[in-house]
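Notes follow once the structure below has been shown.
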Amino acid sequence: MDLTKNFEPKAVEDRWYKHWVKQRYFNSKPDGRPAFTVVIPPPNVTGVLHMGHTLNETVQDILVRKARMSGFNACWVPGSDHASIATEAKVVGMLKEKGIDKNSLSRAAFLKYAFEWKDKYGSIIYNQIERLGCSVDWDRTTFTMDDHYYKAVIKVFIDLYNKGLIYRGARMINWDSSAKTALSDEEVEYKDLTGKLYHLRYKLDTVKEAYISIATQRPETIMGDTAICVNPNDERYAHLKGAYAFVPLINRRIPIIFDDYVDPAFGTGALKVTPAHDINDYNLGLKHNLEVVDTINEDGTMSTAAQIYIGEDRFVARKKIIKELLEKNFLTREEEYTTRLGYSQRTGVVVEPRISTQWFVKMKEMAGPALNAVVDGNIKIHPGDKFLATYKYWLENVKDWCISRQLWWGQQIPAWYDAEGRMVVAETENEAKEIFNKQFPPTGQAGSIPNAQLSQDADVLDTWFSAWLWPIEVFKGITEPGNKEANYYYPGSVLVTGQDIIFFWVARMVMAGMEYEKQIPFKDVYFTGMVRDKLGRKMSKSLGNSPDLLDLIDKYGADAVRFGIMVSSPAGNDLMFDENSLEQGRNFNNKIWNALKLVKMWEGRQAISLEPLADSSQLTAYSFPLDWFSNRLNEVRSEVDTLMKQFRLSEALKTIYSLIWDDFCSWYLEWVKPGFEQPVDSAVYTKTVSYFEELMQLLHPYMPFVTEEIYHLLKEQTDDLCMKQFATVKAVDKKILAHGELLKQVITTIRDGRNKNQLKPKEAIKLFIETNAIESYNSIVHILSKQVNANELSFTKEAIANTIVVAVEKDKFYIKTEKDLDTSTLKVDLLKDLEHQKGFLSAVEKKLSNERFVQNAKPEVLAIEQKKKADAEARIRTIEESLSTIS
RNA sequence: GGGCUGUUAGCUCAGUUGGUUCAGAGCAUCACGUCGACAACGUGAGGGUCGCUGGUUCGAGCCCGGCACAGCCCACCA
């Protein structure tokens, strides 16, 4: 078989993914095995996967594949979120490009366009998930607006309404003037920026030419002022009790009111009160029974109530008003001021506080169980301490959740109104009528058809009001409560998601889970960090620093992408994404590929001998590396299991990487490698192939394609790697492992000695070993001489003159060569080492002569120190002897 | 304003209940090397007072206090 020079991922990826899907390996049905359930955090249906998703999906796939290979019935549910605001904004934009105004369309016509859009672009993310190699059960793909899902959302709304946990009311909410919808508190992102504070003077009605000055950042809202408020203890303003002021430009007469809320030290100590456009003013207004004048329209332009600049955008109006205020001598001062502004998470526009009638969920009652689930440790958060406090704080201080959105794309709120505004909540119009008739019986006029006209609430529900049911309804746990699948798969095993949606989603899923399933939705939550670019900046479209996933996969291969993103992402830490690490992944692929090529070369050259090996010296030569690697493999497998259980996936990957590259390729293969065109012992060959298979299995969850490919190239297989069950980890023999480490150290030390003396690799040496433990070398002399290119190897009891001397622990190695030796560098090294050893020895001696140490330290620590002392003394003797042979 | 986290090699980060020569890994750097797995590579090497400062301890990268710097989250001060 001809193998290509390097691993070529493209064809391999496509072939294996198709095969896995065809074999239905990723499809899950309830059975006798324990379930391992993961629900994907559904990406926005019209979005593309960014690097954050890539990290997320990779982590999930690793966990799912590992579970699938460890006796679990793994079920990973894919899907997407309708993302009401984001998607509607995109569809509106698309229509605009076609010259269609959303307002000119009926609701039904708009939704038709939206679904077309969804059908067209919704598959992009699925394709990316597939290319990445994710082992999701495609038969279970769920969309948050699927029929059953839609019903579930409506059912939950009605249920919570009937329980009194949902209410409708007029409140100050966050308004997105671009999407023209309300937002929840969580959908507002605050940014610090420098603004200006304008000092304006308002004419008073007390004395002629008397003014009161206020400070504001938003002069365009003065037309909505309905009072000026000062602190009752502020003597400067005490004389204004009962006085009135006039709003500049429009001359409305407003009262001066007194309230502790005002900080006399801030600004001028006087506050303009605009109940329609500021949450604090709104509260003041409620308290003091002030009029509310709403001067801004839902699209952010000035309303007729503003009287001036009607129809102009509020920020344009601001500039013009400032100019006019200045001209008319109302603006007395401007100062720089740092402030925080709220922006809409979805559309990026500045959020307006606005009073409007919306639907809310009462959160306090549901927060309790959700809080306990985590505090009691039923749900474990990884990394724990970092997010536990955040989660707790939010739930303890949770505010009601505004769930209505003035959009069409989403689940339409099942509330029905008659012409007089009387309302009922029901699933269908017919049901609504029935309930309505019971609740509001017809007045009794004969023949009147009662309440024929009911119209449904035009608004839809917040996307997260559907997303919070995700772990339940993907198994139809809401629409068909207690069904077999829900019982089997719920609760999920682990939720993998970004820390940025801990409130939006995680906390609310726990609430929904406790409310509807009476148990937690998942046992572990693994928070991935944020993916940043090399310079530490957040990846974003506007910066153009977010690479395209499919481009990366084309360039490096899916396995390399998975490797690159995992190798640098410890749990919960942000990761600096750098294409270098993808290159490292690609190189790793090639390294494994080349190891395969080496092993394949041996396939046809196996020794025919029926005996394990005819030559007994060779038997010992090969039995050591076989034995050693088998133990090393088991050691690492157990380490990896531990690390993965702790969700330390990045470290587990590094451990496997080092096992394959260093222990397997650099040491083991070199140790068992036959000479040029020499046959390989068939026992060695068989073992090597089997180790290779085990390595591929261990790596498979991280790099599924290359491992599956190599697994099949190694030999004819009757199964596929992705379904191969892990054997139990065997106990390891620590002595053999230590012996292996010693051998590595001896080889490295001798090679270093050769290098330092400019010996070329080709130049053979004669090696003399001075040791008290000859027996420990018996099984490794063959390897040793091969690895350091020694054509003679013998033991000695005394120093050999004119040689390079190096030492490992108490053993000394004399390197004899034909070449003239320049011992000066060697001497310098030895002297340096001697000094270090002496310093070390005195430190140990000091420790040992400290009575309190000897008294208090644990016996094993004491023993270690004594051994350190003995070793150091022996080492010093060795160095001194060596020095004497040199000079 | 409140809270949380971090600071270890040039860069990105490990360091598992305080105790082996414990100061590590990968990348980057330097020297040498193309006999049949691999130059996208091999063999070696050099890099750090563990942010600063006190304390606890026989013993601190690890525990405690203070400080400096960086980042994140929360909060209605015009």
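Convention: sequence-line order gives letters A, B, ...; per-chain numbering from 1.
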Can you measure [X] atom [atom1] to [N] atom [atom2] for me and round it to whole angstrom units?
{"X": "A:K847", "N": "B:C22", "atom1": "NZ", "atom2": "C1'", "value": "11 Å"}
{"X": "A:M576", "N": "B:G71", "atom1": "CE", "atom2": "P", "value": "11 Å"}
{"X": "A:M566", "N": "B:C13", "atom1": "CE", "atom2": "P", "value": "15 Å"}
{"X": "A:N755", "N": "B:G33", "atom1": "CG", "atom2": "C1'", "value": "9 Å"}
{"X": "A:I254", "N": "B:A78", "atom1": "CD1", "atom2": "P", "value": "19 Å"}
{"X": "A:Q584", "N": "B:A28", "atom1": "CD", "atom2": "C1'", "value": "12 Å"}
{"X": "A:L575", "N": "B:G71", "atom1": "CG", "atom2": "P", "value": "18 Å"}
{"X": "A:F664", "N": "B:C38", "atom1": "CZ", "atom2": "P", "value": "16 Å"}

For [N], does either OP1 or OP2 sit under 4.0 Å from a side-chain N or O belonging to [X]?
{"X": "A:K760", "N": "B:C32", "result": "no"}
{"X": "A:K673", "N": "B:A37", "result": "yes"}
{"X": "A:T274", "N": "B:A78", "result": "no"}
{"X": "A:K5", "N": "B:A39", "result": "yes"}
{"X": "A:S581", "N": "B:U12", "result": "no"}
{"X": "A:S650", "N": "B:C13", "result": "no"}
{"X": "A:K399", "N": "B:C76", "result": "yes"}
{"X": "A:R751", "N": "B:G44", "result": "yes"}
{"X": "A:W661", "N": "B:A37", "result": "no"}
{"X": "A:R340", "N": "B:C73", "result": "no"}

Could you check which of [options] has an atom nearest any side-chain atom of [X]?
{"X": "A:V262", "options": "B:A78, B:G44, B:C41", "result": "B:A78"}
{"X": "A:A595", "options": "B:A78, B:A37, B:A40", "result": "B:A37"}
{"X": "A:K591", "options": "B:C38, B:G19, B:A78", "result": "B:C38"}
{"X": "A:C665", "options": "B:G44, B:C73, B:A37", "result": "B:A37"}
{"X": "A:F503", "options": "B:G44, B:G36, B:C73", "result": "B:C73"}
{"X": "A:T339", "options": "B:C73, B:A78, B:C13", "result": "B:A78"}
{"X": "A:L598", "options": "B:G44, B:A37, B:C27", "result": "B:A37"}
{"X": "A:N850", "options": "B:C73, B:A37, B:C58", "result": "B:C58"}
{"X": "A:R648", "options": "B:U16, B:C27, B:C38", "result": "B:U16"}
{"X": "A:Y337", "options": "B:A37, B:A14, B:A78", "result": "B:A78"}

Closest approach of A:R586 and A:K555, non-hydrogen atoms and distance? NH1-O, 4.3 Å
Charged N to carboxylate O under 4.0 angstrom, A:K600 versus A:E603? yes
If I pick the [atom1] atom on [M] and the same atom on [N], what distance separates them, to the nearest angstrom?
{"N": "B:U17", "M": "B:C35", "atom1": "P", "value": "49 Å"}
{"N": "B:C58", "M": "B:G44", "atom1": "C1'", "value": "40 Å"}
{"N": "B:G47", "M": "B:U8", "atom1": "C1'", "value": "13 Å"}
{"N": "B:G1", "M": "B:U16", "atom1": "C1'", "value": "37 Å"}
{"N": "B:U34", "M": "B:A40", "atom1": "C1'", "value": "15 Å"}
{"N": "B:A37", "M": "B:U20", "atom1": "C1'", "value": "38 Å"}

When you measure only distances, ignoring hydrogens and angles, does the side chain of [X] come within 3.5 Å of the base of [N] through a donor and an acceptor?
{"X": "A:Q758", "N": "B:A31", "answer": "no"}
{"X": "A:K597", "N": "B:C38", "answer": "no"}
{"X": "A:N594", "N": "B:A37", "answer": "no"}

Contact class for A:S658 (heavy atom, under 4.0 Å): base, sugar-phosphate, or nothing? nothing
Heavy atoms under 4.0 Å, any strand shown: does A:Y393 hit a base, just sugar-phosphate, or nothing? sugar-phosphate
For A:F387, which of A:V506, A:I502, A:V374 qualifies under side-chain contact (heavy atoms from CB on, under 4.5 Å)? A:I502
Are the aromatic rings of [X] and [Y] close, with centres under 6.0 Å apart?
{"X": "A:Y702", "Y": "A:F563", "value": "no"}
{"X": "A:Y237", "Y": "A:F258", "value": "no"}
{"X": "A:W602", "Y": "A:Y685", "value": "no"}

Under 3.5 Å, is there a donor-acceptor pair between the side chain of A:Q499 and the main chain of A:T528? yes
Main-chain N/O of A:N233 paired to A:N231 side chain as donor or acceptor, under 3.5 Å: yes
Assigned partner base of [N], Watson-Crick or wobble definition, under 3.5 Å:
{"N": "B:G51", "result": "B:C67"}
{"N": "B:C58", "result": "B:G19"}
{"N": "B:A14", "result": "none"}
{"N": "B:A31", "result": "B:U43"}
{"N": "B:C72", "result": "B:G3"}

5'-most contact on RNA chain B: A:K654 or A:T338, nearest heavy atom basis? A:K654
Of A:V844 and A:E583, the one whose closest RNA chain B nucleotide lies more 5': A:V844
Quick check on A:K786: does its NZ atom have over 12 non-hydrogen neighbours (other residues, nucleotides or ligands) under 6.0 Å away? yes
